[in-house]
Amino acid sequence: MQQKHILVVEDELAIRDMLRFSLERADFRVSEAEDAQQARLAIADDRPDLILLDWMLPGASGAEYARELRRDELTTGIPVIMVTARVEEEDRVRGLNLGADDYITKPFSSAELVARVRAVLRRYQPGGESETIEMEGLTLDAASQRVSAGEKPVKLGPTEFRLLRFFMSNPERVYSREQMLDRVWGQNVYVEERTVDVHIRRLRKALAPHGFDAFIQTVRGSGYRFSNKPG
Ligand code: CA
């Protein structure tokens with residue numbers, strides 16, 4: 001398989017070196033940029049499969065640059081993981097709807113970094129997501145588009161199915177309504193945020209007879225999370 005190419009956009013040399021070391025050891029090909037300007041040139045020169053973008057950059061901030069990457073037709077299809085230094089920044093990344101696919105908060109282990117990068121790349125690969133996902137007896141089969149609770153089939157509409165697939169592929173993470181619209185409905189679809197709530201209600205209703213509605217948790221002020229742990 002061809003090596004995946006990761007562009008690291010980070011102004012601090014020590015952190016860039018650390019990221020490169022971790023990623024190369026996991027068999028990724030790495031290129032580097034110190035700021036948004038260098039990143040634009042790097043992307044034009046050699047398009048990456050994923051961008052690891054630092055929140056704190058000189059010049060155009062990581063946040064501004066993330067927006068630019070999403071707006072630009074040439075780069076909108078490249079997944080972005082934001083690297084933040086603090087939990088408050090992580091909250092802002094979530095809240096701002098920058099279009100980042102994931103975020104990772106320093107300090108993180110090399111194993112965590114590689115796991116996040118692989119997970120995001122997998123989502124972008126056609127058919128790359130695992131075909132059958134299971135959690136405590138709730139099973140979703142992507143190929144046949146069937147969901148079952150134990151032995152019993154669960155009937156879902158197409159949107160609820162996509163929503164559940166998204167949740168089950170990304171457990172234990174909080175997503176804002178805007179992020180969910182981007183990821184489940186698609187980036188160029190203009191629907192209101194409350195549409196998300198409507199489909200969440202339908203999904204919960206379909207799962208409730210089997211007791212799995214509790215997995216879809218409302219996180220006040222933030223959005224929703226899929227989890228088998230108590231909310
Ligand atoms: Ca930085």
Side-chain angles (χ1 to χ4, degrees), residues 63 66-67 69-71 73 76-77 79-82 90-103 116 119-120 122-231:
R67 282 215 180 87
L69 287 167
R70 274 299 175 254
R71 270 198 312 262
E73 259 178 53
T76 190
V80 174
I81 299 180
M82 292 289 298
E90 180 186 313
D91 285 341
R92 292 192 62 200
V93 172
R94 264 196 326 234
L96 282 173
N97 184 37
L98 302 170
D101 293 275
D102 204 351
Y103 44 83
R116 289 282 170 78
V120 170
R122 225 175 9 246
R123 287 206 298 262
Y124 271 73
Q125 246 167 50
E129 276 177 273
S130 96
E131 289 293 283
T132 305
I133 318 170
E134 194 271 340
M135 192 189 264
E136 294 189 16
L138 179 65
T139 308
L140 181 145
D141 185 73
S144 66
Q145 296 223 4
R146 284 184 210 277
V147 176
S148 56
E151 300 287 289
K152 297 199 179 82
V154 180
K155 269 197 88 68
L156 295 178
T159 304
E160 287 71 39
F161 180 85
R162 284 206 311 272
L163 197 53
L164 182 63
R165 185 179 181 187
F166 169 72
F167 273 139
M168 291 185 80
S169 307
N170 299 281
E172 298 300 333
R173 307 217 36 118
V174 178
Y175 290 95
S176 70
R177 288 168 179 80
E178 279 186 271
Q179 286 172 324
M180 290 169 62
L181 281 176
D182 272 0
R183 301 275 296 275
V184 179
W185 277 259
Q187 271 164 6
N188 296 311
V189 179
Y190 295 94
V191 281
E192 290 178 68
E193 285 187 23
R194 63 166 183 237
T195 306
V196 174
D197 302 315
V198 171
H199 289 281
I200 290 274
R201 260 201 307 277
R202 286 186 195 156
L203 180 57
R204 278 184 177 144
K205 207 174 150 191
L207 296 175
H210 314 281
F212 289 113
D213 53 319
F215 284 5
I216 297 166
Q217 300 169 356
T218 304
V219 182
R220 280 186 66 184
S222 296
Y224 294 101
R225 168 180 58 217
F226 186 82
S227 174
N228 59 349
K229 302 183 185 90

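Everything quoted here is computed from the prediction, not taken from an experiment. In what follows, residues are counted from 1 in the order of the sequence shown.
Taking the six-membered ring for Trp, Phe215 and Phe167 have ring centres at least 6.0 Å apart.
Two residues are said to be in side-chain contact when any heavy atoms from C-beta on lie closer than 4.5 Å; His210 and Leu138 fail this criterion. Between Tyr224 and Val219 there is no side-chain heavy-atom pair separated by less than 4.5 Å.
A donor-acceptor pair is defined here as one N or O able to donate and one able to accept, closer than 3.5 Å; no such pair exists between the side chain of Glu193 and the backbone of Ser176. Checked by atom type and distance alone, the side chain of Thr195 pairs as donor or acceptor with a backbone atom of Glu192 at under 3.5 Å. For Arg146 (side chain) and Pro153 (main-chain N/O), no donor-acceptor pair under 3.5 Å exists by modelled atom type.
Nearest heavy-atom pair across Val174 and Gly223 is CG1-N, 4.4 Å. The two residues Phe212 and Ala149 make their nearest non-hydrogen contact at CE1-CB, 3.5 Å. Taking every heavy atom of both residues into account, Arg162 and Val184 meet most closely at NE-O, 3.2 Å. Across every non-hydrogen atom of Met180 and Trp185, the tightest pair is O-CE3, 3.6 Å. The nearest pair of heavy atoms linking Met135 to Pro171 is CE-CB, 3.9 Å. Closest of all the heavy-atom pairs between Met82 and Ala63 is CE-N, 4.2 Å.
Between Arg70 and Asp101 there is a salt bridge, since a side-chain N of the basic residue sits under 4.0 Å from a carboxylate O of the acidic one.
A donor atom on one side chain and an acceptor atom on the other are not found under 3.5 Å apart for Thr139 and Glu134. There is no side-chain donor-acceptor pair under 3.5 Å between Ser169 and Arg183.
Annotation: the span from Ile200 atom CD1 to Leu164 atom CG amounts to 10.0 Å, rounded to 0.5 Å.
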